[in-house]
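As C-alpha cells, the structure follows; a few thoughts come after it.
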Amino acid sequence: MTFRTRFAPSPTGFLHIGGARTALFCHLYARHLGGEWLLRIEDTDQERSTPEAVAAIFAGLNWLGLHPDGEPVFQSKNQARHLAAAHQLLAMGKAYRCYCTREELESMRSEQREKKEKPRYDGRCARRVDFSGIADRPYVIRFKTPPEGKTTWEDLIQGSISFANTELDDLILVRSDGLPTYNLAVVVDDHDMGITHVIRGEDHISNTPRQIPLFQALGWSVPLYAHMPLLHGADGAKLSKRHGAVSVLNYRENGFLPEAVNNYLVRLGWSHGEQEIFTMAEMESLFDIRDVGRSAAIFNQSKLEWLNGHHIRSSRQDRLAVVLVDHLRLIGIENPDLTLVAAVVPLFQERAKTMVEMAEKARFFFVEDVRPYDMKAIEKYCKPDLLPALAHLITELATLTEWQDSFLQAAFDRTLQAHDLKMGQLAQPVRIALTGTPVSPGIHEVVLVLGQQKSLHRLQAGLAFFQESIHGVS
RNA sequence: GUCCCCAUCGUCUAGCGGCCUAGGACGCUGGCCUCUCACGCCGGUAACACGGGUUCGAUUCCCGUUGGGGACGCCA
C-alpha cells in the first residue's frame with residue numbers, strides 16, 4: 001500500500017503562508033514515507049471559487065518548489081460520485097431528507113443561543129412521519145449521525161481526541177440545489193484518491209468527528225489524521241486572508257528565496273535538535289509529522305530575514321544573478337549588463353538579507369550618475385585637507401596600466417604615504433565619490449568591478465563636487 | 001454561550017522524572033575583526049502561567065484555575 005497525503009485548498013484566494021506550510025508538511029511527510037502527495041482543488045463552492053485563485057495556488061506551490069504527484073484533482077468534477085454516495089446512504093436509511101427552511105433553522109439556532117446551548121440541528125425531519133403539504137418543497141439530504149456514544153481518533157499530532165456524538169448534529173450532505181457539500185465531498189474524494197494520511201490545519205478538527213462516521217457508514221476505511229497547529233499573526237490570532245496574511249508570491253516580490261521560506265516554515269512547530277538550517281533533502285529525510293508540536297506559532301519576520309540572508313550567502317552565484325536581474329528591473333534598471341551582474345553578486349552576497357536589499361545596494365553599479373550624493377556624509381567625511389590626497393589618488397590610478405588588486409593597493413599606499421594619511425581617512429571620500437553613499441563593499445572590490453574608466457570618471461566628478469560644496473559652505 | 005485544543009526566554013524551540021544553578025536560534029545588547037556596511041568570532045540579556053496532588057525527587061505525570069486559540073453555515 002502506498003502512503004498518500006493530499007493538500008486540499010479551496011480556490012477562493014491566493015496561497016498564503018499558512019497554506020504553504022500545510023502544503024510543505026504534506027509534501028515532506030509523503031516524501032519521508034516514500035509515498036505520494038496529491039493536490040486537490042476544493043472548488044465545490046461555485047460562488048467563491050475562481051480560476052484566478054486556482055492559478056495563484058499553482059503559482060505559489062510552483063515557486064516554493066512543491067510539486068504534487070499526479071494531476072491536480074478538481075473536486076467539482078466528482079459531483080456524480082459524491083451524489084451517488086449520498087443516495088447510497090439514503091437507501092441504507094443512514095441519511096434522510098430534510099425540508100426545514102432557512103428561516104426555521106435560523107430561529108432554532110437563535111433559541112439555542114439564548115438558552116446558552118451549542119447551536120445545532122435538532123433532527124426534527126428525521127422523526128417526521130407526515131410529509132403532507134411539504135413533499136414538493138425543496139429539501140436537503142442530511143446524514144443521520146449516530147445518536148449516542150462518541151467519536152474518537154488518535155491524531156498524529158494532537159494525540160487522542162474525542163467528541164461526544166450528541167455534540168454533532170445531522171450534517172447536510174446535499175444542498176437544496178442538489179450540490180454536494182464539503183464534508184461529503186471530502187470523504188468521498190479522500191477515499192477515492194486512496195488518501196492514507198490527512199494533514200490539515202487545526203481549524204478542521206471539528207470536521208473530523210463528522211467525517212469519520214461518514215467513512216464508517218459507507219463501509220470505507222478511515223484515514224489517519226494529523227491536525228497542524230495554526231499559524232498566528234503578531235496579535236496572536238489566526239492568520240487568514242482578511243487578517244494580515246499575504247500571498248506567498250509576495251515573499252518572492254520582497255526578495256525572499258523559496259528555500260528560506262520553506263526552511264522557516266518547517267521550523268514552526270517542528271525541530272531537529274538544535275539544527276536551524278535545512279536543505280529540502282534534509283527536511284524530507286528528517287521530517288516526521290508525529291514530531292510536530294501541538295501549540296500554535298507566531299510568525300516572526302526577523303527570523304525569516306535572518307534565514308533568508310543565510311540562504312543567500314550559501315546559494316550559487318549564477319542562480320542569485322538570475323534573481324537579481326528581476327529585482328534590478330523592479331527598481332528601474334531595465335536591461336542590466338549580465339557580466340556586471342555576475343561580478344556584483346559576490347560583493348553583496350554577505351551584505352543582503354533579501355534580494356530587494358541586494359538590488360538596492362548594488363544599484364550604483366548600474367547607473368551612469370551616482371548623484372545625488374549623501375550630503376550629510378560629505379559634510380562628515382570630506383574634509384578640505386583630504387581633497388589634495390583624493391586628487392593625488394586620481395593621478396595615481398590614471399597611470400595604472402593594469403587594473404589589478406596589487407596595483408590598486410600600491411597606488412593607494414603611495415597616496416596615503418605622500419599625505420601621511422590612514423586608509424580610514426581617505427576611504428570615505430573615495431567611497432562617496434564612487435557610490436554616492438558612505439556604505440558599500442570594500443573600495444578595492446568596487447573599483448575593480450567598476451573598471452578604470454568609470455572609477456576615474458566618478459572620482460573626478462566627486463572631487464569637483466566636494467571642492468565646490470566645501471567652498472560654497474565656507 | 002457550548003464543545004475541542006493549547007500553555008518553557010519578546011519570538012521559534014530543546015527537554016519525553018534525577019544529566020536543568022533549564023540548552024540552542026532570531027531579536028536586542030557589550031566587545032573583537034575592520035576603509036564604511038555586512039559577514040564571522042567571543043560575551044551578556046531573558047522563560048518552566050498559577051494552585052493542588054502523585055513521587056525519595058517534578059519543567060517533565062494527574063486534577064483544577066487562569067490565560068490563549070479554534071469550531072459551532074444549504075463556506076471550505
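A, B, ... follow the sequence lines: proteins, then strands. Residue 1 opens every chain.
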B:U8 and B:A14, which share atom name C1', separated by this distance in whole Å: 10 Å
Atom P, compared across B:U59 and B:U13: separation rounded to whole Å: 22 Å
Watson-Crick or G-U counterpart of B:G1, or none if no pair lies under 3.5 Å: B:C72
Distance, rounded to the nearest Å, where A:Glu357 contributes CD and B:C39 contributes C1': 13 Å
side-chain contact (heavy atoms from CB on, under 4.5 Å) partners for A:Val356, two or more places apart: A:His327, A:Thr354, A:Glu360
Distance test, side-chain N/O of A:Ser206 to OP1/OP2 of B:C72, below 4.0 Å: no
Atom-pair distance (OH on A:Tyr121; P on B:U2), nearest Å: 25 Å
Side-chain donor/acceptor of A:Asn207 to base of B:A71, under 3.5 Å: no
Most 5' of A:Tyr139 and A:Glu167 on RNA chain B, judged by nearest nucleotide: A:Glu167
Touch class at under 4.0 angstrom, heavy-atom based, for A:Ser295 against every strand present: sugar-phosphate
CA sep, side-chain torsions, deciding dist, call: A:Phe256, A:Tyr264, ring pair (Phe, Tyr, Trp, His ring centres under 6.0 Å): CA-CA 11 Å; A:Phe256 290 91; A:Tyr264 176 71; 9.4 Å; no
Opposite nucleotide pairing with B:C50, Watson-Crick or G-U, both atom distances under 3.5 Å: B:G64
Non-neighbouring partners of A:Asp169 that pass salt bridge (Lys or Arg N to Asp or Glu O under 4.0 Å), sequence neighbours left out: A:Arg210
Whether A:Phe163 and A:Trp153 hold their rings parallel, tilted or perpendicular, with breakpoints at 30° and 60°: parallel
A:Arg313 side-chain N/O to B:G40 phosphate OP1/OP2 under 4.0 Å: yes
Steps toward side-chain contact (heavy atoms from CB on, under 4.5 Å) verdict (A:Arg40, A:Ser10): CA-CA 9 Å; A:Arg40 183 173 72 222; A:Ser10 60; over 6 Å; no
Base partner of B:C32, which must satisfy Watson-Crick or wobble distances under 3.5 Å: B:G40
A:His392 ring center near A:His419 ring center (under 6.0 Å): yes
Sugar-phosphate, base or nothing in reach of A:Ser440, heavy atoms under 4.0 Å: base
Results of side-chain contact (heavy atoms from CB on, under 4.5 Å) for A:Gln79 - residues two or more places apart only: A:Gln46, A:Ser76, A:Leu179, A:Pro180
Any-strand Watson-Crick or G-U partner of B:C16, both distances under 3.5 Å: none
Closest nucleotide among B:C6, B:A76, B:C37 to the A:Gln158 side chain: B:C6
Length of the CE-P vector between A:Met423 and B:C37, whole Å: 14 Å
OP1 or OP2 of B:C74 under 4.0 Å from side-chain N/O of A:Arg109: yes
N/O donor-acceptor pair under 3.5 Å between A:His87 side chain and A:Leu83 backbone: yes
Side-chain-base donor-acceptor pair under 3.5 Å for A:Ser176 and B:C74: yes
B:C5 versus B:U65 - spacing of their P atoms, nearest Å: 15 Å
Sugar-phosphate, base or nothing in reach of A:Arg48, heavy atoms under 4.0 Å: base
Nearest-angstrom distance, P atom, B:A76 to B:A71: 15 Å
Candidate nucleotides B:A76, B:G70, B:C6, ranked by approach to the side chain of A:Thr181 - the nearest: B:A76
Nearest-Å distance for atom pair CZ/P, residues A:Arg294 and B:C6: 7 Å
Same-atom distance (P) from B:G10 to B:U66, integer angstrom: 23 Å
Protein-nucleotide distance (A:Tyr99, atom OH; B:C74, atom C1'), rounded to Å: 15 Å
Separation between the P atoms of B:A22 and B:G44, rounded to whole Å: 13 Å
Qualifying residues under salt bridge (Lys or Arg N to Asp or Glu O under 4.0 Å), relative to A:Glu305, sequence neighbours excluded: none
Check: A:Phe348 and A:Ile312 side chains under 4.5 Å, non-hydrogen atoms: no
Touch class at under 4.0 angstrom, heavy-atom based, for A:Leu268 against every strand present: sugar-phosphate
Closest nucleotide among B:C74, B:U13, B:C37 to the A:Val439 side chain: B:C37
Watson-Crick/G-U partner (both atom distances under 3.5 Å) of B:A22: none
Pairwise C1' distance, B:C63 and B:U45 [rounded to whole Å]: 36 Å
Counterpart base for B:U59, defined by Watson-Crick or G-U wobble contacts under 3.5 Å: none
Per A:Gln75 side chain, nearest of listed nucleotides B:A71, B:A76, B:C35: B:A76
Candidates B:G40, B:U36, B:C5 - which lies nearest the side chain of A:Glu202: B:C5
Sugar-phosphate only, base, or nothing, as touched by A:Pro441 at under 4.0 Å among non-hydrogen atoms: base
Sugar-phosphate, base or nothing in reach of A:Gly269, heavy atoms under 4.0 Å: sugar-phosphate
Heavy-atom donor-acceptor pair, A:Arg120 side-chain to B:C72 base, under 3.5 Å: no
Under-3.5 Å donor-acceptor pair between A:Arg351 side chain and B:C37 base: yes
Residue pair A:Leu416 / A:Lys422, side-chain heavy-atom distance below 4.5 Å: no
d(CG, A:Asp170; P, B:C72) in whole Å: 17 Å
Touch class at under 4.0 angstrom, heavy-atom based, for A:Thr437 against every strand present: nothing
Pairing residues for A:Ser315 by the side-chain contact (heavy atoms from CB on, under 4.5 Å) criterion, not counting sequence neighbours: A:Glu259, A:Arg319, A:Leu320
Rounded distance (Å) that lies between atom C1' of B:G10 and atom CD1 of A:Ile298: 9 Å
Integer-rounded Å distance: B:C35 C1' and A:Leu386 CG: 13 Å
Where protein sits on nucleotides 19-26 of chain B, one letter per nucleotide: B base, S sugar-phosphate only, - none, heavy atoms under 4.0 Å: ----SBBS
Sugar-phosphate only, base, or nothing, as touched by A:His232 at under 4.0 Å among non-hydrogen atoms: sugar-phosphate
Nearest to side-chain heavy atoms of A:Glu350, which nucleotide of B:G70, B:C39, B:U2: B:C39
Earlier contact from the 5' end, RNA chain B, for A:Gly424 and A:Tyr182: A:Gly424
Sugar-phosphate only, base, or nothing, as touched by A:Thr44 at under 4.0 Å among non-hydrogen atoms: sugar-phosphate
B:C6 and B:G23, which share atom name P, separated by this distance in whole Å: 27 Å
